Amino acid sequence: MPIRSILAGTGAYLPSRVVTNDELARTVDTSDAWIQERTGIRQRHFAAPHETAAFMGTEAARAALAAAGATAADVDGIILATSTPDQAFPATALRVQAALGVTRGFGFDLSAACAGFIYGLSVADNMIRAGGAKGVLVIGSEVYSRILNWEDRGTCVLFGDGAGAVFLRAGDGSGSDRGILSTHIHAQGTLGDILYVDGAVGQRDKPGVLVMNGREVFRHAVTRLAEAVEEALAANGLGHRDVDWLVPHQANRRIIDAMGRKLGLPPERVVVTVDRHANTSAASVPLALAEAIADGRIRPGSLVLLEALGGGLAWGSALVRL
Ligand code: COA
């Protein structure tokens with residue numbers, strides 16, 4: 001019997017503090033008009049001190065388990081994608097494990113910046129299909145507000161905080177095509193200097209802030225994501241018309257619209273949260289997915305294409321039948 005990873009439940013968490021462009025413009029040399037025109041962002045959520053990656057990841061994971069009708073006893077492993085962990089170790093995934101009351105299985109953090117959730121899905125899917133786990137939480141949780149350079153208006157207006165999670169459950173893949181159909185992940189380390197954080201705990205007294213060459217990232221994002229989308233469809237013998245929903249990484253409305261056009265999808269088939277969440281990095285795809293499932297847009301049977309690209313460069317796609 002072939003095993004498939006079924007997307008059994010999704011969950012989300014956003015800090016209650018909402019920061020509008022106008023509020024940012026009080027301390028940063030920018031304007032609501034500039035931010036909206038170049039990015040589509042209207043507001044973002046910023047975490048309070050207690051809202052760490054572990055805290056938010058736990059809340060999103062709890063919601064995903066509840067949506068799946070699962071409990072802590074069903075969790076064989078936790079993969080948490082983040083660039084803003086609570087501590088160097090233990091892994092943030094293990095703080096989540098403890099908070100959820102999961103007492104067995106594995107857990108680790110995954111560093112692939114904005115592509116982290118897609119990477120996590122890929123790892124979890126391969127483990128499940130190989131029989132190594134039956135229930136895996138994949139979480140993206142980020143507090144980018146803590147790594148932004150408030151002197152750099154070209155980056156500090158682009159990001160927000162939040163967490164999203166999915167619970168994957170091993171299912172029978174012989175009867176239907178429900179579940180993760182494929183994942184593809186890629187990286188090009190030679191492009192590491194166009195988007196990075198210039199420090200970490202491994203560098204004394206240099207926690208680091210985000211640095212980006214926005215134009216270069218934009219150029220690579222459009223090309224690489226278009227390739228990733230075509231690769232996913234070709235691997236499954238599917239065409240553009242088969243896709244019901246695109247759930248793209250939420251970095252910039254212009255990149256999202258370009259991807260929708262390439263797929264020939266009308267705007268109402270593309271899930272957009274960047275206007276309200278800004279770029280929440282590894283959390284952006286699961287947050288958008290959770291929102292569109294919760295409000296009934298994405299229904300059982302829908303074919304959903306997920307894609308993301310971020311620092312590394314790292315990028316990838318996943319094709320999922322709900
Ligand atoms: N408010 C007002 N003006 C700003 C600004 C801000 N927040 N940020 C930059 N500017 C100014 C610049 O100083 C520049 O002014 P100048 O022409 O007088 O020098 C001008 O706007 C254009 O800057 P530029 O960086 O060329 O703008 P852009 O059109 O490339 O847009 C981004 C900038 C960041 C919105 C765009 O490059 C982008 O979205 N890139 C991709 C980013 C991304 O997706 N990153 C995450 C991937 S995970």
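Only a predicted model underlies this, so the values are computations on that prediction, with no experimental measurement involved. In each ligand, atom 1 is the first atom listed, and ligand 1 is the first ligand listed. Count residues from 1 along the sequence.
Checking only distances, S31 never comes within under 3.5 Å of ligand 1, N or O to N or O.
With R44 as the partner, the side-chain contact (heavy atoms from CB on, under 4.5 Å) test is satisfied by one option alone out of T20, V19, L158: V19. For the side-chain contact (heavy atoms from CB on, under 4.5 Å) with L306, the qualifying choice from L319, I180, T183, L289 is L289, the only one to do so. Of the residues listed (L265, V229, V304), the one engaging V243 in a side-chain contact (heavy atoms from CB on, under 4.5 Å) is L265, and it is the only one.
Inspection of the S122 and D125 side chains reveals no N or O donor paired with an N or O acceptor under 3.5 Å. E142 and T280 share no side-chain donor-acceptor pair at under 3.5 Å.
Ion pairing between a basic and an acidic side chain is recognised when a charged N comes within 4.0 Å of a carboxylate O; R297 and E291 show such pairing. Between D74 and K134, none of the side-chain N atoms (NZ, or NE/NH1/NH2) sits under 4.0 Å from a carboxylate O, so this pair counts as no salt bridge. In this structure, D257 pairs ionically with R253, as a charged nitrogen and a carboxylate oxygen lie closer than 4.0 Å. Here E23 pairs with R17 in a salt bridge; the nearest charged N to carboxylate O distance falls below 4.0 Å.
Close approach of ligand 1 to N279 (heavy-atom distance below 4.0 Å) involves ligand atoms 46 (C), 48 (S). Each of the following atoms of ligand 1 lies closer than 4.0 Å to a heavy atom of C114: 48 (S). Proximity to R215 (heavy-atom distance under 4.0 Å) selects the following atoms of ligand 1: 26 (O), 30 (O), 37 (O). The contact set between ligand 1 and G214, taken as ligand atoms under 4.0 Å from a residue heavy atom, comprises 37 (O), 40 (N), 41 (C). The atoms of ligand 1 that sit less than 4.0 Å from any heavy atom of I255 are 44 (O). Listed by number with element, the atoms of ligand 1 under 4.0 Å from a non-hydrogen atom of T39 are 35 (C). Within the listing of ligand 1, atoms 22 (C), 27 (O), 28 (P), 29 (O) sit less than 4.0 angstrom from a heavy atom of R38. Close approach of ligand 1 to G310 is summarised as follows: ligand atoms under 4.0 Å from at least one heavy atom of the residue are 48 (S).
Counting heavy atoms closer than 4.0 Å to ligand 1, residue T155 contributes nothing at all. Only side-chain heavy atoms of N252 come within less than 4.0 Å of ligand 1; its backbone N, CA, C and O stay farther off.
Nearest-residue assignment for atom 21 (O) of ligand 1 (options W315, F218, W34; heavy-atom criterion): W34.
For the ligand labelled ligand 1, residue A221 lies outside the 4.0 Å heavy-atom shell. Taking a 4.0 Å cut-off on heavy atoms, L309 registers as neighbouring ligand 1.
Protein heavy atom in closest approach to atom 44 (O) of ligand 1: A251 CB, 3.3 Å.
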